[in-house]
Each structure stands twice: as C-alpha cells, then as structure tokens.
Number of protein chains: 2
Amino acid sequence: MKKYEIILQDLERKIFDDSYPVNEMLPSENELAEQYEASRSTVRQALKILEENGLIQRRHGLGSIVISHEKLLFPISGLTSYKELQASMGFTSETEVIIFGELEVTAELAKITGFPENELALHILRRRKVDGKFSILDRDFFLKREAGMLDINHAKASTYEYLEGVLGLDIAYAKKEITIDFASEEDFDLLDLNPSDRHVVSVKSHVYLADNTLFQYTESRHQVDRFRFTEFARRQKR
Amino acid sequence: MKKYEIILQDLERKIFDDSYPVNEMLPSENELAEQYEASRSTVRQALKILEENGLIQRRHGLGSIVISHEKLLFPISGLTSYKELQASMGFTSETEVIIFGELEVTAELAKITGFPENELALHILRRRKVDGKFSILDRDFFLKREAGMLDINHAKASTYEYLEGVLGLDIAYAKKEITIDFASEEDFDLLDLNPSDRHVVSVKSHVYLADNTLFQYTESRHQVDRFRFTEFARRQKR
DNA sequence: GAGTGGTCTAGACCACCAC
DNA sequence: TGGTGGTCTAGACCACTCG
C-alpha cells in the first residue's frame, strides 16, 4: 500500500468516526507530515483526494475544514457498477437476465454504440427488481473481442467483477448522458410502470478502457419516480 | 499567471486545435518539462487537470494519449451558472424575473433550504425562454446576510457575476440532486409544458462558500423533453 | 509577524511496458 | 534494457489570513 493511500484512509476513517468532526479543522499539513512521518507533498496528495471527494474544504492561509458528509448523499454519480451501487447503498434487489446473446454490429447499431461496423458484440438485457417492483431495465453491448468468456452467470452476478477481476481489463472512464425518454412498449412489458407513466429516465453510457478502446455501451432505463441522481460539484476558478 | 496554468492552457489549446490530435501521444513528461523549462512536478500538475477534465488518458509506462473531445458533450455537469452555460453552449435565451423579494426563513423553509430559522433570505423566481418556449423555472434562495445589495437587475442578468465579481464571494462547492417530480400548478402556469406532461425534471442544489457557509439553495425545474445532463466519469480504483 | 496552504524545484527510486 | 509515468523527499519561496 502506498504511503499517501495509508494517510488518505486514516484521515477518511477519522472523519467518518468523528475523530475529526464536521466543521472542525484538520491538523496543518506540517503537523500531518510529522504525524505520518511523510513529506508535506505526500500529505498534500492525500488531502487533494479528500477535497475532490467532498470530505474537506481547503482554504489558503487557514487550513482544511471537514465538510458535512451524510453518506447517503453520494449514490449514483461516477462510474460504478450496479452491483457495487447495491452494496454501498445497502439495498437488495434481484436481477433477471432476459437476453444474453451475440450479434454483429449493424450500421444502425454502430451509430448508437460507437462500435465499428461488423464487429461481434455481446448483447445483454437485464431487469432489476427493487422493493418488489421491476423498476430498472439495463441493456448492455460489450465488444466481444474484449469481453472474452463472459457468460450468463456473470450477467446474473456482476459483469464488472469478471471483466476487471478475472480478465484484468482496465476500465478507465465513461461519458454519460441522462435524458427523459418516452416509455417504449418494451418498457411497459418488462417494467412495473404506473399505467399513467409516459416517460422513463434513460442513462446512456459509453465506457472506455485505459488504452482508449470503446468497450461497452449501456443504457439504463428507470421508472421516473424511483430515480435519483446526486452529485458533488466544485466551482471552477478561472 | 502561475506556471502550471500556462502549461495547462497551452496544452489545452494544442489539443483543441489538433496540434495534438485525438489518439496521439503527448510528449513525455520529461520532454514537456524541458520544453516549458519547468520541473517534472509542475508539468504533472497540468497533466493531472487535463486528465480530470477528460482531455487525456495517462498510462503508466506508456505516456499520455489524447481522448476524443467533442466539446458539445459537457454542458451541464459541475457548478455553473445559467449565464455561463448559455455562453459556453452558444444558445440565446430570455430571462423573466417573476418574483424578487425578501422573506424570513420559516421552519418549513429551513428544512428545505438548510438555512437557519428566522434568518432573512432573498427569494427569486425566474423563468427562461429558449427557442420561443418557457422551458425552465428557477427558484433561488440566497442568505441575505451574504448576498448584500443583490437587486432585480442582477437577477435579470447574472447573479453570480455580481456575487463573485463585485462582492468577491468565494463560491466553492454544491451538492446537487436530480429527480423527476410531478408538475405543479405553478409549473403549468409559468412554463409552456405539453398538456400531456405530468412531470418535470427537478435539479436541487445546496451551494456553499469556501468558509463552509451554506449560502444558496436553488431548484431548477425543466420541461422533460428539453432536459439533458452529461457527465464525464472516471472509474475509481480501490 | 507567525502560521497556513499554494507553487516550484532537483533529485531519487520504483513499477510498468515495450523491444 | 531503456524509457515512461507514479511515488516520495527536502527544501525554498510566495500568497493569504489573522491577531
């Protein structure tokens, strides 16, 4: 474990267990450097991450203050698999695999997914039942070339666990888009929508590997009244 | 101007004008350090920001590669005022101030805004006309104590320009939440909703100053078919 | 003026990747 | 094996805030 990670985790722990309470100052960078027997830059590397994650606010000439951090506030921002989300939010749900197949990328599909035409792709359609109602419909396309021996059992459990853990894929970043779309017939068929609903929330993502290959396109369709997105945003200084 | 900012801006420019084309490697950190007559750490500080902003992808042992960056892709993520959004996206719109008033924070309002009870707050309600239709309704509450002489003319133009530029407030971060809410009577009155619409997209934000004061609560209600949110997200390694 | 964080340097060593 | 980025150090100076 790297030194800055040790410092980071220790500070995180102390913030969450109130050793460093909200609205109180952390020790100064020099003090922390001494405490952890590290250089000031190493301490600063850890503090930088705490700041990005919305746990502290640093102020020139003053110090670092702890920000309020009700943990429930950060559920769905970032690039997180459904399984991880479920674990960190502490809810349970069932996943049903509806389609698990392979297909060739048509011109039309290439336009949507960004995959090269005629490539082979995995096509997975799953629905998630939360609190007794099917409220999320997930459609994934994976580049077959990268996804290897991904099979239906991984689709039932966690695709990312297999892709990262077993295949060692280095999933790097995603471009996400949220819009409100008209509910399709398929949505009505497969989700427990309210009869009066006309719309679903659609979250579309293009996911890239560290080597810059586009590797996954996914669309997640949510019942409108069960959708919630939260974000911690910092003001850009220019 | 700080050295790393100069390097950052120069690299940004070269990426956007295709001096460094998409999918090509940047020069190595050592080369850049030499070119800009800077230390490697200073170059790295600039590269870090390029990576956060989704312009490059760095790879251990290889180098930094330029990522595709259709600029239109990043409109509404982060903490950006409506005026700035409008400018960067290049669309025009009209803003109509419907309410500009002062009120005391009631217990009920305190719960929603997070402001202390009995404080004085500014209350501003505005609607935005885009492409000939009123499609966004913005309700702001500012802590009167901080917002000074903010007046109706600032509300017509840009509140942030006044608060940051004139008052010198240091706006630091926001906690945002997006949900789909039922359209209220007020929404129907003030927005050009489709008669069949039952919902609006609600974006609620608590905005904080650098000294950690909660300073603004704002809710932005959007016509569903005109709402779009995009985000660049990196995968967390843990 | 004393203490804080912000910037910058020069140099070292390590981990990763390609040839 | 050589080049790349990732981590870490010790030290310097600057810019900001407060008493």
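Chain identifiers are assigned alphabetically (A, B, ...) following the order of the sequence lines, protein sequences preceding nucleic acid strands; residue numbering begins at 1 within each chain. Quick note: numbers below take in every heavy atom, side chains included, and nothing from hydrogens, waters or symmetry partners.
Pairs of Watson-Crick or G-U wobble type, with distances under 3.5 Å, assemble into runs of 3 or more in DNA chain C at these ranges: C:1-18 with D:1-18.
Atom pair L26(B):CG and dG5(D):P shows a separation of 9 Å (rounding to whole Å applied). Taking atom CZ on R44(B) and atom C1' on dT4(D), their separation rounds to 11 Å, with Å as the unit. The CD atom of Q45(A) sits 15 Å away from the P atom of dT7(C) (whole-angstrom rounding). To the nearest angstrom, P of dT4(D) lies 11 Å from CE of M25(B). Atom-to-atom, CD of E5(A) to C1' of dG6(D) comes out at 11 Å; the value is rounded to the nearest Å. For the pair I65(A) CD1 and dT4(C) P, the computed distance is 16 Å after rounding to whole Å. The distance from atom NZ of K3(A) to atom P of dC14(C) is 14 Å, rounded to the nearest whole Å. Remark: P of dG5(D) and CD of E51(B) are 12 Å apart, rounded to the nearest angstrom.
Centroid-to-centroid, the aromatic rings of F141(A) and F115(A) stay 6.0 Å apart or farther. Taking the six-membered ring for Trp, F229(A) and F229(B) have ring centres closer than 6.0 Å.
Because its NZ or CZ atom is not both nearer than 6.0 Å to the ring centre of Y173(A) and within 45° of the ring axis, R235(B) does not count as a cation-pi partner of that residue.
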What string of B, S and - do you get for nucleotides 10-19 of chain D, 5' to 3', when a contact is any protein heavy atom under 4.0 Å? B-B--BBSS-
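Distance alone, capped at 3.5 Å, is enough to place a donor-acceptor pair between the R234(B) side chain and the E51(B) backbone. In this structure, the side chain of E84(B) engages the main chain of S81(B) through a donor-acceptor pair within 3.5 Å. At distances below 3.5 Å, at least one donor-acceptor pair connects side-chain atoms of K3(A) with backbone N or O atoms of E37(A). Judged by distance alone, the side chain of N53(B) and the main-chain N or O of L55(B) form no donor-acceptor pair under 3.5 Å.
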Run the ring-ring contact (aromatic ring centres under 6.0 Å, His included) test on F215(B) and F142(B) for me, step by step, so that the C-alpha distance in whole Å, both residues' side-chain angles and the decisive distance to 0.1 Å come before the verdict. CA-CA 6 Å; F215(B) 142 82; F142(B) 292 97; 5.6 Å; yes
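Ion pair R58(B)/E29(B) flagged as a salt bridge, since at least one NZ, NE, NH1 or NH2 atom sits closer than 4.0 Å to an Asp/Glu carboxylate oxygen. In summary, R59(A) and D211(B) do not engage in a salt bridge, as defined by a charged side-chain N under 4.0 Å from a carboxylate O.
Using a 4.0 Å heavy-atom distance criterion, E37(A) is classed as a sugar-phosphate-only contact.
Closest to the side chain of K2(B), out of dC8(C), dC8(D), dG6(D), is dC8(C).
Between the CG atom in L209(A) and the CD atom in E164(A) there is a gap of 9.5 Å [rounded to 0.5 Å].
Using a 4.0 Å cut-off on heavy atoms, none of the residues of residues 27-36 of chain B approach DNA chain C.
A close approach under 4.0 Å does not occur between any side-chain nitrogen or oxygen of T42(B) and OP1 or OP2 of dT7(C). Phosphate contact (OP1/OP2 of dG6(D), side-chain N/O of K48(B), threshold under 4.0 Å): absent.
Using the six-membered ring where Trp is involved, Y162(B) and H154(B) have ring planes that are parallel, under 30° apart on the 30 and 60° scheme.
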